[in-house]
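When reading the values below, keep in mind they use all heavy atoms of this one structure, side chains included, and skip hydrogens, waters and symmetry mates.
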Amino acid sequence: MSKSDKIRLRWWIAAIFVLGALGAGGWYLAGRMEKAQPLFEQLQIPAYFGESTTISGRIEDVGSGLDSFSVSIVIQGVGEHILAQSEFAPSSFFAKSTENAAQFFATVEPKKLGLADGQALIRLTANDASWRNWGKGSSASLEIPVTIDTRPPSISVLTRQHNLNQGGAGLIIYRVNKPLKKDGVLVGDIFYPGHAASPQDPLTRLAFFALTHEQGQGTQMAIEAVDMAGNRSRTGFYSHINNRRFPHDTLNISDSFLSLILPRFEPLPGADPQSTPKEKFLIVNRLLRQANEDLFRKTAKKTEPEMLWSGIFGRLPNAANRAGFGDRRSYRYDGQIIDEQVHLGIDLASLALSPVPASNAGRVALAQDVGIYGLTVMLDHGFGLFTHYSHLSNMAVEVGQFVEKGQVVGNTGTTGLAVGDHLHYGVMVGPTFVNPLEWWDENWIKNNVSDKIAQALNPEQNQ
Ligand SMILES: [Zn+2]
């Protein structure tokens, strides 16, 4: 190699080294100049702030890491309160931030901060540790409008009388002063939601409620309301409860009865090949009955947001009452009482395979085989009121279908735990089975439903 070749080679090596250094430096600089902004994630910031509201979230910067963030509540024209803040200063100008993400939690108590009810903003700001903006970093900010509301909702009761029978139903109408998250009547520990009187008048609320066949005098009843900010109110109302005594009946369980009905429930969950007919009967009468009633209660959680019905509820025509609501039943087998249950509907016997009319207008909520109840149609009449038609031989309607009062929903039969052809007719208010007799009674409907609605919703016409 000549001397000039050696010099040229050195120059090349130097040039490659310089270019490499510049490239690496540029790469590093580009990294430190990254412009990806910090991101706000997993924000839990409700639209309404009550007396004490917790907010939380996460701030992330995948590039240079976080330099700082702050969360504050701002009332325009009044001031700003810092709720949470942090700084993650790198150890030197060349060091990167060690934090790529941070969580924040803050509990906002407007009264302690001296904040009045009204509109406010939650302001989030964050800076990353990039060298952009002359070293200040990329920043991100977000403002979320919220409403501070620390006042409990007000409830005014519009209906005067609430006379209830043990195992019976009632209606209350009340007005609230703002949109609510939840409202209704609490009877013991059973909750009956309120419903908007109409879409035009959502602050006037109607709630059908009930006493179970076990709830008599002394049962605690109150209206409860929870607003969007979680403020809660509770108010009592005038009520009178009539205790009821329910008849007692003993049913004899024979081997021929068991050999007739048990095959209908095969295969029976909970039974094994060694189970005796008596043991199988107890599984049917206790566990299957309970599961069937749970299905009805689960179905009743969803209801139409308007009253689809009017007038009295129809009864199966030309039928005799065979068993009443609330009857206490003892089951006797081989001379011994082996079980006790309560009959939660009315049994009606007419001619075999009689057509069964819908007792009022409604929507089909359930139409299927329901264990001891056999083929069952359950109608939703709106606002949590349901009727049941059980032991049918066939069903003439489908779930979701609207039916008119009197429209045939099926024919009577002997499906489920039935021997003679009959209709088991049940009425439910929310999760509670109630006495159907009330809904067949024109005076009861007038005094407890239609007159109340007319007086509460059109008071000037009914003075
Ligand atoms: Zn029955």
Side-chain angles (χ1 to χ4, degrees), residues 164-165 167-172 184-185 187 190-195 206-213 215 289-316 325-326 342-348 356-392 395-410 416 423-441 444-445 448-449:
L164 281 93
N165 298 311
L171 168 66
I172 191 162
V185 180
V187 180
I190 306 175
F191 185 73
Y192 300 87
H195 302 272
L206 272 79
F208 286 98
F209 61 107
L211 293 166
T212 69
H213 61 85
Q215 288 176 318
R289 179 185 296 271
Q290 190 59 52
N292 300 155
E293 287 162 10
D294 288 347
L295 173 65
F296 292 146
R297 291 193 177 97
K298 190 173 148 232
T299 306
K301 283 187 177 167
K302 191 168 157 266
T303 185
E304 291 291 310
E306 60 179 311
M307 269 175 63
L308 299 173
W309 63 279
S310 62
I312 63 164
F313 281 67
R315 183 179 172 281
L316 181 70
F325 173 84
V342 176
H343 189 239
L344 296 174
I346 292 182
D347 289 347
L348 297 159
V356 176
S359 58
N360 221 316
R363 190 166 192 246
V364 181
L366 176 146
Q368 67 179 72
D369 194 346
V370 187
I372 68 161
Y373 289 89
L375 296 184
T376 297
V377 170
M378 178 173 168
L379 298 182
D380 175 9
H381 302 286
F383 286 4
L385 178 64
F386 294 82
T387 52
H388 295 239
Y389 311 82
S390 295
H391 306 311
L392 300 176
M395 301 185 289
V397 290
E398 286 176 4
V399 170
Q401 184 183 338
F402 285 92
V403 297
E404 301 290 322
K405 184 174 186 166
Q407 186 176 333
V408 172
V409 300
L423 175 70
H424 173 97
Y425 179 77
V427 180
M428 256 178 130
V429 172
T432 302
F433 287 93
V434 295
N435 196 339
L437 289 177
E438 294 180 339
W439 301 88
W440 291 339
D441 178 346
W444 187 88
I445 295 275
N448 294 282
V449 184

> What is the distance from atom CG of Leu385 to atom CE of Met307, rounded to the nearest 0.5 Å?
Replying inline: 8.0 Å
Please tabulate, for the side chains in residues 365-376, all donor-acceptor contacts under 3.5 angstrom to protein atoms that are two or more places apart in sequence or on a different chain.
residue, atom, partner, partner atom, Å
Tyr373, OH, Glu293, OE2, 3.1
Thr376, OG1, Tyr373, O, 3.3
Thr376, OG1, Gly374, O, 3.0
Thr376, OG1, Ser390, OG, 3.1

>> Treating His381 as the side-chain partner and Ala361 as the backbone partner, does any N or O pair qualify as donor plus acceptor under 3.5 Å?
In response: yes
> In terms of the angle between their ring planes, are Phe296 and Phe433 parallel, tilted or perpendicular, with boundaries placed at 30° and 60°?
Replying inline: perpendicular
> Do Thr387 and Val377 come within less than 4.5 Å of each other through their side chains, counting heavy atoms only?
Replying inline: no
> Can you say whether the rings of Trp439 and Trp309 are parallel (under 30°), tilted (30 to 60°) or perpendicular (over 60°)?
Replying inline: perpendicular
>> Counting C-beta onward and ignoring hydrogens, is there a side-chain heavy-atom pair between Gln215 and Leu164 closer than 4.5 Å?
In response: no
>> Please determine whether side chain to side chain contact (heavy atoms under 4.5 Å, CB included) holds for the pair His195 and Thr303, giving the CA-CA distance in whole Å, both sets of side-chain angles, and the decisive distance to 0.1 Å.
In response: CA-CA 10 Å; His195 302 272; Thr303 185; 3.7 Å; yes
> Do the side chains of Asn448 and Leu171 get nearer than 4.5 Å, heavy atoms only?
Replying inline: no
> Looking at Ala169 and Val429, what are the two nearest heavy atoms and their distance?
Replying inline: CB-CG2, 3.9 Å
> Val185 and Ala207: which non-hydrogen atoms are nearest, and at how many Å?
Replying inline: CG2-CB, 3.8 Å
> Where do Ala358 and Val403 come nearest, in terms of heavy atoms and distance?
Replying inline: CB-CG2, 4.0 Å
> What is the minimum heavy-atom distance between Gln401 and Glu398, and which atoms define it?
Replying inline: OE1-N, 2.9 Å
>> Counting C-beta onward and ignoring hydrogens, is there a side-chain heavy-atom pair between Tyr192 and Pro431 closer than 4.5 Å?
In response: yes
> Distance-only, no hydrogens or angles: does the Tyr389 side chain make a donor-acceptor pair with backbone N or O of Ser359 under 3.5 Å?
Replying inline: yes
>> Taking salt bridge (charged side-chain N to carboxylate O under 4.0 Å, His left out) as the definition, give me every residue that meets it alongside Glu304, ordered by chain and number, with sequence neighbours left out.
In response: Arg363
> Do Leu423 and Ile346 have side chains that get closer than 4.5 Å, going by heavy atoms?
Replying inline: no
>> Any non-hydrogen side-chain atom of Leu308 less than 4.5 Å from a side-chain atom of Asn360?
In response: no
> Should His343 and His424 be marked as a side chain to side chain contact (heavy atoms under 4.5 Å, CB included) after you check the CA-CA gap, both sets of side-chain angles, and the distance that decides it?
Replying inline: CA-CA 10 Å; His343 189 239; His424 173 97; 3.1 Å; yes
> Any idea which heavy atoms bring Phe313 and Trp440 closest together, and the distance?
Replying inline: O-CD1, 3.1 Å
> Can Glu438 and Asn165 be said to form a side-chain hydrogen bond (donor to acceptor under 3.5 Å, both in side chains), step by step?
Replying inline: CA-CA 10 Å; Glu438 294 180 339; Asn165 298 311; 2.9 Å; yes
> Can you list the residues that meet the ring pair (Phe, Tyr, Trp, His ring centres under 6.0 Å) rule with Phe325, with sequence neighbours excluded?
Replying inline: none
>> What's the separation between atom CD1 in Ile190 and atom CZ in Arg297, rounded to the nearest 0.5 Å?
In response: 8.0 Å
> Just by distance, do the side chain of Asp441 and the backbone of Trp444 share a donor-acceptor pair under 3.5 Å?
Replying inline: yes
>> Can you tell me how far apart CE (Met428) and CG (Asp380) are? Round to the nearest 0.5 Å.
In response: 11.5 Å
>> Using side chain to side chain contact (heavy atoms under 4.5 Å, CB included), reason through Lys298 and Asp294 one step at a time and then give a plain yes or no.
In response: CA-CA 6 Å; Lys298 190 173 148 232; Asp294 288 347; over 6 Å; no
> What are the two closest non-hydrogen atoms of Pro357 and Leu316, and how far apart are they?
Replying inline: CD-CD1, 3.9 Å
>> Run Val356 and Val408 through side chain to side chain contact (heavy atoms under 4.5 Å, CB included) and show every step you take.
In response: CA-CA 5 Å; Val356 176; Val408 172; 5.6 Å; no
